[in-house]
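For reference, the structure is listed below as structure tokens.
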Amino acid sequence: MNLAEGVQLVSLGILSVMMIGAAIGVVLFSNIVYSAFMLGGVFISIAGIYLLLNADFVAAAQILIYVGAVNVLILFAIMLVNKRENFVAFPNSWVRKVLTGIVSVGLFGLLSTMVLATPWVYSTTAPVVGGESSIILIGEHFFTDFLLPFELASILLLIAMVGAIILARREYLPDLLTPSQLGQTVLTLQERPRELVSTTSETKE
């Protein structure tokens with residue numbers, strides 16, 4: 001984005017604080033629904049950082065795929081599957097906590113080493129030339145060179161959506177029917193019994 005250097009630094013700082021705070025909320029919230037919402041905040045913050053890096057297509061894909069699909073799917077899965085049960089502590093749970101802490105500290109050390117070892121200040125003073133938007137280029141390739149794989153992926157996603165709907169409605173499938181009868185009733189929706197309407201007046205001829 002063509003922003004002043006100060007505005008970019010302030011925006012990067014705000015987005016970084018938002019991302020770190022939301023990530024901490026994902027871990028610390030006891031309510032899993034709140035954790036899912038915080039995960040959406042992490043995804044949105046990452047999309048903002050992509051915008052600062054002039055990666056507009058990656059930012060749009062981040063919002064559409066991760067926030068609009070993955071995070072919503074997580075919320076629906078939580079709301080459909082979440083059952084209120086009493087908490088039962090696992091035996092030797094401290095071992096898992098120790099292993100999780102070791103892995104987290106190791107990842108933090110690797111990321112810190114990468115940040116400190118990367119030369120973030122470049123010596124070149126050549127101005128950055130803005131090219132054509134990546135969304136336009138990718139759209140042109142999608143509908144010209146990669147049209148067939150793009151349409152095949154769309155059909156695959158449609159098949160997956162129909163399969164998910166059938167699996168979600170599996171409780172309506174009858175159990176005591178023969179295979180021939182089952183094939184006739186699988187795709188029919190359960191209807192509410194119709195109520196009889198009493199006529200109060202008769203039509204006169």
Side-chain angles (χ1 to χ4, degrees), residues 1-79 82 96-147 149-151 153-154 156-157 161:
M1 299 178 68
N2 297 325
L3 299 175
E5 184 177 358
V7 177
Q8 289 184 357
L9 292 176
V10 172
S11 302
L12 178 62
I14 294 173
L15 291 173
S16 301
V17 171
M18 287 176 54
M19 182 176 60
I20 295 173
I24 294 175
V26 172
V27 179
L28 297 182
F29 273 124
S30 59
N31 193 329
I32 192 170
V33 178
Y34 294 160
S35 297
F37 279 115
M38 290 293 102
L39 184 62
V42 174
F43 291 151
I44 292 175
S45 302
I46 295 174
I49 294 176
Y50 286 150
L51 283 178
L52 292 178
L53 295 174
N54 290 327
D56 45 4
F57 176 78
V58 182
Q62 176 80 15
I63 294 177
L64 292 176
I65 296 175
Y66 284 95
V67 180
V70 175
N71 200 46
V72 173
L73 179 62
I74 292 173
L75 286 173
F76 272 107
I78 291 171
M79 294 177 181
N82 189 22
R96 301 183 180 183
K97 294 180 181 179
V98 171
L99 292 176
T100 303
I102 292 174
V103 172
S104 300
V105 172
L107 290 175
F108 182 77
L110 289 175
L111 292 174
S112 301
T113 304
M114 183 192 68
V115 170
L116 295 176
T118 301
W120 299 103
V121 179
Y122 297 96
S123 58
T124 178
T125 58
V128 178
V129 180
E132 191 175 1
S133 176
S134 59
I135 296 179
I136 297 176
L137 294 176
I138 294 174
E140 290 177 353
H141 284 293
F142 270 163
F143 290 98
T144 54
D145 301 331
F146 302 100
L147 179 61
F150 182 72
E151 294 298 332
S154 303
L156 180 62
L157 292 175
M161 183 178 66

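Predicted model, so just to flag it, every value in this text is computed and none were measured. When reading the values below, keep in mind they use all heavy atoms of this one structure, side chains included, and skip hydrogens, waters and symmetry mates.
The nearest pair of heavy atoms linking A59 to A47 is CB-O, 3.4 Å. Across every non-hydrogen atom of A22 and G41, the tightest pair is CB-C, 4.2 Å.
Contacts of N31 classified as side-chain hydrogen bond (donor to acceptor under 3.5 Å, both in side chains), with partners at least two apart in sequence or in another chain: none.
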Inset, instruction - Please step through side-chain contact (heavy atoms from CB on, under 4.5 Å) for the pair I138 and H141, ending with a clear verdict. - result: CA-CA 5 Å; I138 294 174; H141 284 293; 5.7 Å; no

Inset, instruction - Applying side-chain contact (heavy atoms from CB on, under 4.5 Å), run through Q8 and L12 and close with a yes or a no. - result: CA-CA 6 Å; Q8 289 184 357; L12 178 62; over 6 Å; no

Legend entry - Residues S11, V7; criterion side-chain contact (heavy atoms from CB on, under 4.5 Å); working and verdict: CA-CA 6 Å; S11 302; V7 177; 4.0 Å; yes

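Atom CZ of F43 is surrounded by more than 12 heavy atoms from other residues, nucleotides or ligands within 6.0 Å.
From I44, atom CD1 reaches atom CD of Q62 across 9.5 Å, with rounding to the nearest 0.5 Å. A distance of 9.0 Å separates CG in L15 from CG in L51, rounded to the nearest 0.5 Å. Rounding to the nearest 0.5 angstrom, the gap separating the CE atom in M18 from the CD1 atom in I46 is 11.0 Å. Remark: I32 CD1 to L39 CG distance equals 10.5 Å, nearest 0.5 Å. Note that the CZ atom of F146 and the CD atom of E151 stand 14.5 Å from one another [nearest 0.5 Å]. Atom CG of N71 and atom CZ of F37 lie 8.0 Å apart (nearest 0.5 Å).
M19 places a side-chain heavy atom less than 4.5 Å from the side chain of I49. The side-chain heavy atoms of E140 and L137, taken from C-beta on, include a pair separated by under 4.5 Å.
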List the atom pairs, with distances to 0.1 Å, where a side-chain N or O of residues 106-117 and a protein N or O form a donor-acceptor pair under 3.5 Å, not counting sequence neighbours.
unit_1 : atom_1 : unit_2 : atom_2 : d
S112   : OG     : F108   : O      : 2.7
T113   : OG1    : G109   : O      : 2.8

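Contacts classified as ring-ring contact (aromatic ring centres under 6.0 Å, His included) and involving residues 10-35 (residues at least two apart or in different chains) are given here: F29-Y34.
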